[in-house]
Amino acid sequence: MEVTRIGVVGLGAMGAGIAQVAVEAGFAVVGREVTDELGETAAARIGHFLTRKVEKGQRTQDERDAAVARLETTTDLAALADCDLVIEAIVEELDPKRALFAALERTCRADAVLATNTSALSVTEIAAATSSPGRIVGMHFFNPAPLMPLVEVVRAELSSDDAVETAVAVVAQFGKVAVPCHDTPGFVVNRVLIPLLNDCVRVLDEARVTPEALDAAMTNGAGWPMGPCTLVDLVGIDVHVHASEALYEKLREPRMAPPPRLVAMRNAGLLGRKSGRGFYAY
Ligand code: 3HC
């Protein structure tokens, strides 16, 4: 199906990043948040990053302004009624996602493709909350969405070929790399990355090294673009702990379980960059 209008539900760090990618690629975007203030914050964030591109000579002012003008924010789910594709990026919990997809099914056109950006929940379980699971797929972006090229396109048990092909085509129009995969816990990257990051956190205590030293080890010794502590702070310690718990629940491998040190940080509100403090202060 040809996509010209994209809805994004939830304009936090991931949703705003996805909306930015879509407007930059020329799509009309309707971004939905629960309050006007959150919508305005997301629009300002997107405007800021696009202004930086103008300042660095990567875009003209006209291109920036045209991209910003393609974004409309709303608090009303009904504003998504004309979208060809809706990408959900709300809180990473099953029940709210299932409720949202049931509402989207009532709101959106019958031929619209509905995608979830879930990182570790089952797309099939989300789709099962609707009576049209064929049009539901996963589109898993990586943080920060405007900078990371990969999008996993996740085929749930009942996803139609058309829905998967539409998502893959849109990823190409975004200028990103699509890796289609099946709906298994953690899909491809998080199945590997989550236990790896958990190992990194355990090594902090086992080898008695500081976060700075561990990050220096992995950037200089393994060629990582950023160290594991910096990366977990970027992803969000709450998000990472939640993804670890979801994988552990499904796969029962000890390495998937979140290290107690990370759970304690999450419980104390040390969530990384977004809270101003995680392994590092921001
Ligand atoms: N959104 C939009 N634009 C952004 C941004 C964001 N969140 N963050 C930075 N930018 C823009 C800025 O304008 C910045 O330029 P400026 O500083 O001059 O204003 C520009 O992008 C370049 O930023 P950086 O200089 O920080 O870019 P780097 O070249 O250093 O690369 C990186 C940054 C791409 C993040 C690189 O460090 C990297 O690849 N890190 C690894 C990230 C990673 O592994 N992500 C996956 C996490 S796992 C995940 O997401 C799965 C989930 O399910 C948990």
Side-chain angles (χ1 to χ4, degrees), residues 8 10-25 31 41-59 64 67-68 71 87-93 97 115-123 138-154 174-177 179 181 183-198 200-201 215 218-220 222-247 256 258 262 266 271-274 278 280 282:
V8 179
L11 298 175
M14 289 308 293
I18 294 166
Q20 179 185 329
V21 168
V23 291
E24 284 195 86
T41 302
R45 177 188 172 96
I46 292 168
H48 162 77
F49 284 123
L50 293 178
T51 298
R52 286 294 299 145
K53 287 195 168 183
V54 175
E55 288 164 355
K56 291 188 284 186
Q58 296 168 351
R59 292 232 177 261
R64 179 228 177 256
V68 167
L71 174 69
I87 304 172
E88 166 275 314
I90 65 166
V91 61
E92 187 67 354
E93 287 171 21
K97 286 192 194 286
T116 171
N117 179 51
T118 184
S119 51
L121 299 173
S122 158
V123 182
M139 287 178 77
H140 181 215
F141 292 76
F142 290 78
N143 193 347
L147 303 188
M148 298 300 287
L150 179 66
V151 182
E152 293 170 332
V153 175
V154 182
F174 284 170
K176 292 194 177 287
V177 176
V179 170
C181 59
D183 184 24
T184 52
F187 316 132
V188 177
V189 172
N190 279 347
R191 169 69 178 81
V192 176
L193 187 60
I194 299 280
L196 190 54
L197 288 172
N198 285 338
C200 288
V201 173
D215 280 1
M218 295 308 289
T219 51
N220 292 296
W224 286 26
M226 57 171 53
C229 298
T230 307
L231 181 56
V232 174
D233 272 359
L234 171 71
V235 165
I237 288 169
D238 53 339
V239 172
H240 179 83
V241 166
H242 189 278
S244 298
E245 283 166 345
L247 285 190
M256 303 291 180
L262 279 186
R266 191 268 317 266
L271 306 182
R273 264 189 214 192
K274 65 183 160 194
Y280 299 101
Y282 297 90

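Order of appearance sets the numbers: ligands from 1, and atoms from 1 within every ligand. Reckoned from all heavy atoms, side chains included, excluding hydrogens, waters and symmetry mates.
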query = With a cut-off of 4.0 Å, which atoms of ligand 1 are near a heavy atom of Leu193?
reply = 48 (S)

request  = Give the single entry among Val239, Thr219, Thr230, Leu231 that approaches atom 42 (C) of ligand 1 most closely by any heavy atom.
outcome  = Leu231

query = Are there protein heavy-atom neighbours of atom 48 (S) of ligand 1 below 4.0 Å?
reply = yes

task = Output yes when a side-chain donor or acceptor of Asp233 lies under 3.5 Å from a complementary backbone atom of Tyr280, and no otherwise.
result = yes

task = Could you tell me whether atom 31 (O) of ligand 1 has at least one protein heavy atom nearer than 4.0 Å?
result = no

key: Any donor-acceptor N/O pair, Gln20 side chain to Arg45 backbone, under 3.5 Å   = no

task = State the atoms of ligand 1, each with its element, that fall below the 4.0 Å cut-off from a heavy-atom position in Phe142.
result = 49 (C), 50 (O), 51 (C)

inquiry  = Any atom of ligand 1 sitting under 4.0 Å from a heavy atom of His240?
reply    = no

request  = Report, in ascending order of atom number, the atoms of ligand 1 lying under 4.0 Å from any heavy atom of Pro144.
outcome  = 6 (C), 7 (N), 35 (C)

request  = Assess whether side-chain contact (heavy atoms from CB on, under 4.5 Å) is satisfied between Val123 and Thr118, documenting all intermediate values.
outcome  = CA-CA 8 Å; Val123 182; Thr118 184; 4.1 Å; yes

key: atom 16 (P) of ligand 1 [closest protein heavy-atom partner, distance rounded to 0.1 Å]   = Lys56 NZ, 3.4 Å

message = How long is the straight-line distance from CG of Asn190 back to CE of Met256, given to the nearest 0.5 Å?
response = 10.0 Å

inquiry  = Under 4.0 Å, counting heavy atoms only: does Met14 come that close to any atom of ligand 1?
reply    = no

remark   = Closest to atom 1 (N) of ligand 1 among protein heavy atoms sits Phe49 CE1, 3.4 Å

request  = Would you mind checking which non-hydrogen protein atom is closest to atom 37 (O) of ligand 1, with the distance to 0.1 Å?
outcome  = Met226 CE, 3.3 Å

Non-hydrogen atom of His48 closer than 4.0 Å to ligand 1 = no

note = Rounded to the nearest 0.5 Å, the SG atom of Cys181 sits from the CZ atom of Arg191 at a distance of 13.0 Å

inquiry  = Can you report which non-hydrogen protein atom sits closest to atom 21 (O) of ligand 1, along with the distance?
reply    = Leu147 CD2, 3.3 Å

Any protein heavy atom nearer than 4.0 Å to atom 13 (O) of ligand 1 = yes

ask   = Any idea which protein heavy atom is nearest atom 46 (C) of ligand 1, and the distance to it?
value = Asn143 O, 3.6 Å

request  = Going by heavy-atom distance to atom 53 (O) of ligand 1, choose the closest among Ser119, Gly17, Ala120.
outcome  = Ser119

query = Relative to the heavy atoms of Arg45, which atoms of ligand 1 are at a distance of less than 4.0 Å?
reply = 7 (N)

For ligand 1, the portion of Val189 having any non-hydrogen atom under 4.0 Å away = neither

key: Polar side-chain atom of Glu92 near backbone of Ser119 as donor-acceptor pair, under 3.5 Å   = yes

key: Nearest-0.5 Å distance, CD1 of residue Ile90 to CG of residue Asn117   = 11.0 Å

ask   = Going by the angle between their ring planes, with limits at 30° and 60°, are Phe142 and His140 parallel, tilted or perpendicular?
value = tilted

task = Just jot down the ligand 1 atoms closer than 4.0 angstrom to any heavy atom of Val235, in number order.
result = 47 (C), 48 (S), 54 (C)

message = Under 4.0 Å, counting heavy atoms only: does Gln20 come that close to any atom of ligand 1?
response = yes

task = Please assess Val201 against Leu197 for the test side-chain contact (heavy atoms from CB on, under 4.5 Å), listing each intermediate value before the final yes or no.
result = CA-CA 6 Å; Val201 173; Leu197 288 172; 5.7 Å; no

message = Going by a strict under-4.0 Å cutoff (protein heavy atoms only), does atom 3 (N) of ligand 1 have a neighbour on the protein?
response = yes

request  = Can you measure from CZ (Phe49) to CD (Glu24) and round to the nearest 0.5 angstrom?
outcome  = 11.0 Å

request  = Mark whether atom 24 (P) of ligand 1 lies under 4.0 angstrom from at least one protein heavy atom.
outcome  = no

inquiry  = Strictly distance-based, threshold 3.5 Å: is any side-chain N or O of Lys97 a donor or acceptor partner for the main-chain N or O of Glu88?
reply    = no

query = Counting only heavy atoms on the protein side, is anything nearer than 4.0 Å to atom 7 (N) of ligand 1?
reply = yes

remark   = atom 18 (O) of ligand 1 sits nearest the protein heavy atom Arg52 NH2, 2.7 Å

inquiry  = Among all the protein's non-hydrogen atoms, which is closest to atom 36 (C) of ligand 1, and how far away is it?
reply    = Pro225 CB, 4.1 Å

Sidechain-backbone polar pair: Glu152 side chain, Phe187 backbone, donor-acceptor under 3.5 Å = no

note = The reported gap from NZ in Lys53 to CG in Leu50 (rounded to nearest 0.5 angstrom) is 6.5 Å

ask   = Please walk me through it: do Asn143 and Met148 pass side-chain contact (heavy atoms from CB on, under 4.5 Å)?
value = CA-CA 7 Å; Asn143 193 347; Met148 298 300 287; 5.9 Å; no

task = Drop me the distance from Tyr282's OH to Arg273's CZ, to the nearest 0.5 angstrom.
result = 5.5 Å

